[in-house]
Amino acid sequence: MTPPARWNRYWDGKSRNYDREMQFMDRKLFGDSRAWACGQATGDVLEVAVGTGLNLPLYPDGVTLTGIDLSDGMLAIARGRAERLGHPVTLRRADAHDLPFDADSFDTVVCTLGLCAIPDDGKALREMARVLRPGGRLILLDHIVSSSRAVRGLQWFAEKITVPMAGEHFLRRPFDKIGDLGLAVEQRERFKLGLVERLVARKGTVSSEFHRYGRS
């Protein structure tokens, strides 16, 4: 599913203020979640929806990093950030619904705050699982449907505006789709009235047990 062109234009325009807005949200809502996600990456790493590259300085030394995004505006800023940091990374324009990589290409796939704006999150998750090597890990961070009924009502109302305007969703929960991907959830943490979920799942394991932290 290719996003409407108006959504690409929206995110290209959004790229100019994205860093400032996200740094505010990191302080108020997500906390250390970016560092939590990137700090667990190992080996050959793919970041889906790399955006402006806010995560680039958070990856451990020694990883081989590839980042994809559909927004040229976001990628231009990410390239500038990578150059300033001296951080080796391959950045390319690509659709999360149809990743341009062979199966079993990466040891880690990371997606932070990106599934909320990908039109078909289920298809994107299937692609992330496809390109993971056996034993590789999928690391997700996103805002999701709240555990509070009152907040869910506000999210439902917000989607009436944000989905047509930018394709951004607030009522999703990626965890519900992990079980069909051949991945075993190893870590799951949910906090801030259930608005934020952090998740690690491994490919090719048999056990479906997971460690639960915080509210479920």
Side-chain angles (χ1 to χ4, degrees), residues 7 10-41 45 47-61 63 65 67-69 71 73-87 89 91 108-118 121 138-159 161-163 165-175 187-200 211-216:
W7 293 353
Y10 173 87
W11 289 107
D12 284 346
K14 185 82 167 178
S15 64
R16 293 188 291 271
N17 299 313
Y18 183 81
D19 285 5
R20 183 169 60 252
E21 293 178 10
M22 288 310 306
Q23 286 162 1
F24 173 81
M25 294 301 295
D26 285 341
R27 290 194 303 271
K28 298 298 183 180
L29 187 62
F30 302 116
D32 66 348
S33 294
R34 289 181 184 274
W36 169 89
C38 299
Q40 299 187 70
V45 180
E47 182 174 342
V48 175
V50 69
T52 61
L54 281 173
N55 290 340
L56 294 182
L58 302 175
Y59 284 101
D61 293 336
V63 304
L65 182 61
I68 66 107
D69 205 284
S71 167
M74 294 280 189
L75 286 170
I77 295 173
R79 291 189 180 101
R81 174 169 275 120
E83 290 177 6
R84 291 192 302 274
L85 292 170
H87 198 300
V89 56
L91 295 168
T108 311
V109 175
V110 175
C111 187
T112 64
L113 308 173
L115 281 170
C116 54
I118 294 173
D121 59 330
L138 173 65
I139 302 174
L140 301 177
L141 159 68
D142 226 314
H143 61 78
I144 63 169
V145 58
S146 176
S147 56
S148 162
R149 183 176 180 180
V151 176
R152 287 198 301 272
L154 293 174
Q155 291 176 304
W156 177 87
F157 180 78
E159 280 196 350
I161 300 170
T162 61
V163 173
M165 178 177 67
E168 185 166 11
H169 297 258
F170 291 94
L171 295 173
R172 289 176 169 175
R173 193 176 187 197
F175 171 75
Q187 298 180 42
R188 176 164 65 109
E189 181 179 4
R190 192 175 179 191
F191 54 93
K192 295 288 185 179
L193 295 176
L195 282 168
V196 181
E197 187 162 70
R198 312 195 308 194
L199 185 152
V200 179
H211 302 291
R212 180 180 302 174
Y213 304 89
R215 289 191 243 187
S216 61

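Everything numeric here is computed off the predicted structure, so don't read it as measured data.
Among all heavy-atom pairs drawn from Gly114 and Ala49, the shortest one is CA-CB, 3.9 Å. The minimum heavy-atom distance linking Asp69 with Leu75 is given by the pair O-CD1, 3.6 Å. Nearest heavy atom pair, residue Leu85 against residue Pro57, reads CD1-CD, 3.8 Å. The shortest non-hydrogen separation linking Ala78 to Gly51 is CB-O, 3.5 Å. Closest approach of Gly39 to Pro60, counting heavy atoms only: O-CG, 3.8 Å. When every heavy atom of Leu113 is checked against every heavy atom of Cys116, the shortest pair comes out as O-SG, 3.7 Å.
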- Evaluate the criterion side-chain contact (heavy atoms from CB on, under 4.5 Å) for residue pair Glu197 and Arg188; output intermediate values, then yes/no. CA-CA 7 Å; Glu197 187 162 70; Arg188 176 164 65 109; 3.6 Å; yes
- Message: What verdict does the side-chain contact (heavy atoms from CB on, under 4.5 Å) test give for Trp36 and Val200, after you've listed the backbone C-alpha separation in whole Å, the side-chain angles of each residue and the deciding distance to 0.1 Å?
- Response: CA-CA 11 Å; Trp36 169 89; Val200 179; 3.7 Å; yes
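A donor-acceptor pair under 3.5 Å links the side-chain atoms of Ser146 to the main chain of Leu193, judged by distance alone.
The shortest distance between side-chain heavy atoms of Tyr59 and Val110 falls below 4.5 Å. Two residues are said to be in side-chain contact when any heavy atoms from C-beta on lie closer than 4.5 Å; Asn55 and Val50 fail this criterion. Looking only at side-chain heavy atoms (C-beta outward), Leu65 and Leu56 come within less than 4.5 Å of each other. Taking 4.5 Å as the limit, every side-chain heavy atom of Gln155 sits out of range of all side-chain heavy atoms of His143. A heavy-atom distance below 4.5 Å is found between the side chains of Ser33 and Phe191. Put simply, the side chain of Leu115 does not reach to within 4.5 Å of the side chain of His169, judged on heavy atoms. Between Leu195 and Phe170, every side-chain heavy-atom pair lies at or beyond the 4.5 Å cut-off. In this structure the side chain of Arg81 reaches within 4.5 angstrom of the side chain of Asp19, judged on heavy atoms.
Distance OG1/Thr108 to CD/Glu47: 11.5 Å, rounded to 0.5 Å. Distance NZ/Lys14 to CE/Met74: 8.0 Å, rounded to 0.5 Å. Between Met25 atom CE and Tyr18 atom OH the span is 10.5 Å, to the nearest 0.5 Å. With rounding to the nearest 0.5 angstrom, the CD1 atom of Ile77 is 9.0 Å from the CG atom of Leu54. Atom OG1 of Thr112 and atom CZ of Arg198 lie 12.0 Å apart (nearest 0.5 Å). Taken from CG in Leu58 to CZ in Arg34, the straight-line distance is 8.0 Å, to the nearest 0.5 Å.
In summary, Asp142 and Arg172 do not engage in a salt bridge, as defined by a charged side-chain N under 4.0 Å from a carboxylate O.
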